[in-house]
Each structure stands twice: as structure tokens, then as C-alpha cells.
Amino acid sequence: MDFTTLARQYESELLTQVVPFWLNKSQDKEYGGYFTCLTREGNVFDTDKFIWLQGRQVWLFSYLYNKVEKRAEWLECAVQGAEFLRKYGHDGRYNWYFSLTRTGEPLVAPYNIFSYTFAAMAFGQLSLATGNDEYAEIARITYRKVLERMDNPKGQWNKALPGRELKGFALPMILCNLSLEIENLLDADTLNKTIETCLHEVMDVFYRPELGIIVENVTVDGRLSDSFEGRSLNPGHAIEAMWFIMDLGVRLNRRELVDKAVEIALKMVNYGWDAKYGGIFYFMDRLGYPTQQLEWDQKLWWVHIETLICMSKGYLLTGSQECLDWFEKVHDYAWSHFKDNEYPEWYGYLNRQGEVLLPLKGGKWKGCFHVPRGLYQCWKTLEACAEKNRR
């Protein structure tokens with residue numbers, strides 16, 4: 001495999017196709033923030049603004065500014081989005097809404113914990129780019145609120161009644177990544193305690209050695225639940241989490257974490273791969289029953305992009321030939337199915353057969369995040385693979 005050529009492919013797609021698309025098509029120059037509901041061509045079809053995606057785009061352009069090149073237009077894009085969030089995205093006490101109107105009026109209450117996590121990521125990364133202490137403090141306050149709500153993420157908006165209390169994989173998974181994202185803003189005790197708690201949850205609670213896979217929900221005391229939610233698997237979530245764990249393993253100098261993450265990622269991609277049509281299933285049931293999610297068999301952009309990141313990192317860090325083989329297989333699928341060869345940015349939603357289901361480039365859940373972050377991560381990882389082979 002020619003890692004240098006592959007690295008250039010990912011770099012070019014990021015810098016000449018995907019980033020210009022979001023820079024030119026999504027910014028709301030009148031009211032601030034970003035449009036994310038964009039057609040195949042990049043035309044706006046809905047003007048509501050979703051806090052997840054606003055925060056993710058602030059983070060992405062701040063990250064590019066910090067990691068790739070200090071381009072003024074990237075920083076301006078990040079700052080204007082952050083200012084919109086700072087003014088309108090929360091209730092005045094940094095409880096972050098789920099969605100807003102175009103002009104910033106709140107539409108959905110601050111029930112969703114991931115509005116908080118992506119706001120913290122955004123302001124943390126932007127504080128690095130600008131040196132702005134207010135942005136850093138917003139990130140710290142928001143991070144503390146996430147920790148306070150770990151045991152009841154939806155807070156007063158939780159609709160569940162006692163009887164089947166479950167906890168989800170997504171929050172400890174995200175915190176593994178978020179803690180590294182803003183570690184420069186945290187005291188060592190908080191950082192280390194949070195990382196160890198999340199590592200335990202991901203690797204000892206949601207990973208089930210008796211099954212060899214990661215489940216999406218368990219009971220509050222860590223047992224399996226024979227219910228729709230308790231049987232639910234999301235291979236993409238699990239695989240994404242494993243590259244977070246690899247990064248933590250490198251950061252903590254704990255090789256056993258890297259090796260275990262690679263082992264689990266390989267199990268999950270083998271488990272989730274659609275042998276008939278190719279691609280990775282969105283949802284599965286661990287006992288093989290029908291899923292509650294009607295979209296279970298769709299092939300989603302982020303699942304495949306996160307798998308590319310994970311498998312390339314797995315190969316770089318361990319030399320696993322199986323990781324490299326899976327990277328090639330998923331690369332071929334993703335570039336032949338999700339990439340739009342006529343217009344910039346990638347499709348997000350395919351049916352099981354791999355045909356485009358929705359031609360949109362952005363919506364309520366797909367924004368300026370997984371595609372550009374994945375292209376950047378693969379670009380840099382493939383460059384490192386090429387350098388390692390030269391030594």
C-alpha cells in the first residue's frame with residue numbers, strides 16, 4: 001500500500017472539497033452561526049440551528065486553524081459561530097439548548113447532554129486558537145456541568161420511570177475524547193479521575209467479555225438487560241470509541257489499552273459488516289431479534305469514517321495486518337459509495353444495498369464534523385505510516 005499517495009488523497013479531499021463547502025455554504029452572514037440543513041448542491045433547506053452541529057463546526061474550524069494552518073478565514077468562521085453560541089446557545093447559566101431558530105430563539109430545552117459536550121469541545125479548542133480567557137472559562141463551566149449530570153444526563157427532562165433504569169455507552173465514550181480535548185483547561189486531579197472513570201465504564205462495563213462486543217445500554221449496576229435498549233448494538237459507536245481509547249493509551253503510555261482497543265475494534269467491525277451488500281450496519285440486536293430502530297440496516301457516513309480512523313490508527317500503533325486489511329476494505333466502500341463525484345462533501349445516508357437514500361449534505365444530525373475530522377485523522381495517520389515504513 002502506498003501510504004503517501006493515500007495520505008495526499010485524504011488531504012486533498014479535506015482541503016479542496018470538504019472544508020471549502022462548509023466555509024462557503026454554511027455560514028449565516030446575517031444572524032451568525034451555521035446552516036447545516038444543506039442539499040446535495042449546498043443550498044439551505046431549513047434554517048433551524050442545532051447546538052450539537054454549531055459546536056462541532058466551531059471546534060472543527062478552530063482545530064484546523066490550530067493543527068493545519070493559521071488561515072484567517074478559518075478562525076473568523078469559528079469565532080462568529082462561537083459568538084452566536086455564546087449569546088444564544090444557553091439559558092444564561094450555560095445549560096445548552098438542543099436547537100434554536102435562525103435568529104437564536106430557543107426551540108428545544110437543554111435536555112441533551114451532548115449539546116454540552118460539543119459546546120465544551122468548541123470553546124476549549126477556540127480558546128487555544130485565540131487565547132481568549134472567556135472561551136476557556138465557558139469550556140470549564142460546561143465540562144463541570146457534564147460531570148454533574150453523568151448519573152442522570154437528561155436531568156429534569158428524563159421521562160423514564162423507575163423499574164428499568166439503564167445507562168448509556170455514549171456519554172463515557174464521548175468523555176474519553178472530550179477530556180483529552182480540553183486537558184489544558186483542567187486540573188490534574190479532575191482530568192485523571194474522569195479519564196479513569198470513563199476507561200472503566202467503556203472497557204469494563206459496556207465491553208462484555210462474555211460476548212466479545214460492546215453494548216449500548218446496561219442497567220445502572222452494570223448488568224445486561226434483555227430489552228430493546230439492552231440488546232441494542234451500534235458497531236460504529238463502539239469502533240469510534242476504540243480510537244479514542246487508542247489515543248488515551250498513547251497519552252497515558254499504556255500499551256495494554258491500545259492492544260485491547262484494537263482487539264475490540266476488530267471484533268466489532270467483523271460483527272457489524274454486512275456480508276451480503278457490504279458496509280457496516282447502523283444498529284443490531286445482540287440476540288438477533290428485530291431492532292426497534294427502523295433504520296437499522298442503513299449505511300451511515302460517520303460509521304464508516306470512524307472505522308477508517310480506527311483501523312488506520314490500529315495498524316500504525318500495532319502493525320496489525322487485519323487492521324490494514326479492514327482499512328482497505330472500508331476505504332474502498334466509503335470512497336465508492338459516500339463520496340459525491342459531482343458536488344463537494346459526502347452523502348450521509350445509504351440504504352442497505354449502498355444506494356443513496358437521502359442526497360442531502362447536511363441536516364439535523366450531519367454537519368461539519370465527521371467527514372472533515374475523519375479526513376484529517378486519516379491524512380495524518382497515513383503520513384505517519386509512510387514515515388514509519390521509511391525508517
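From a predicted model like this one, the values you see are computed outputs, not experimental measurements.
In this structure, CG in Leu128 is found 6.5 Å from CG in Leu185, a value given to the nearest 0.5 Å. Here Leu175 contributes atom CG and Leu199 contributes atom CG; the two are 11.0 Å apart, rounded to the nearest 0.5 Å.
Shown are Tyr315, Phe327, Trp379; of these, the ring-ring contact (aromatic ring centres under 6.0 Å, His included) with Phe3 is made only by Tyr315. Evaluated for a ring-ring contact (aromatic ring centres under 6.0 Å, His included) with Trp365, the options Phe114, Phe50, Trp302, Phe98 yield exactly one hit, Phe98.
Sorted by first and then second residue, the pairs that involve residues 41-62 and meet salt bridge (charged side-chain N to carboxylate O under 4.0 Å, His left out), not counting sequence neighbours, are Asp28-Lys49.
Taking the centre and axis of the six-membered ring of Tyr347, the NZ or CZ atom of Lys339 falls outside the cone set by 45° and 6.0 Å. A cation-pi arrangement is present between Lys366 and Trp301, with the terminal nitrogen or guanidinium carbon under 6.0 Å from the aromatic centre and inside a 45° cone about the axis. Both tests hold for Lys299 against Phe281: distance to the six-membered ring centre under 6.0 Å, angle to the ring axis within 45°. Judged by the 6.0 Å and 45° rule, Arg231 forms a cation-pi pair with Phe228. Both the sub-6.0 Å distance and the 45° axial angle are satisfied by Lys70 relative to the ring of Tyr65.
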Notebook entry, point to check: ring-ring contact (aromatic ring centres under 6.0 Å, His included) between Trp52 and Phe369: does it pass, once the steps are laid out?
Noted result: CA-CA 10 Å; Trp52 282 32; Phe369 188 63; 9.6 Å; no
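Applying the side-chain contact (heavy atoms from CB on, under 4.5 Å) criterion to Glu355, with sequence neighbours excluded, gives Asn351, Gln353. Residues that satisfy the ring-ring contact (aromatic ring centres under 6.0 Å, His included) test with Tyr10, not counting sequence neighbours, are His331, Trp335.
Thr219 and Glu165 are not linked by any side-chain donor-acceptor pair at a separation below 3.5 angstrom, with hydrogens and angles left out of the test.
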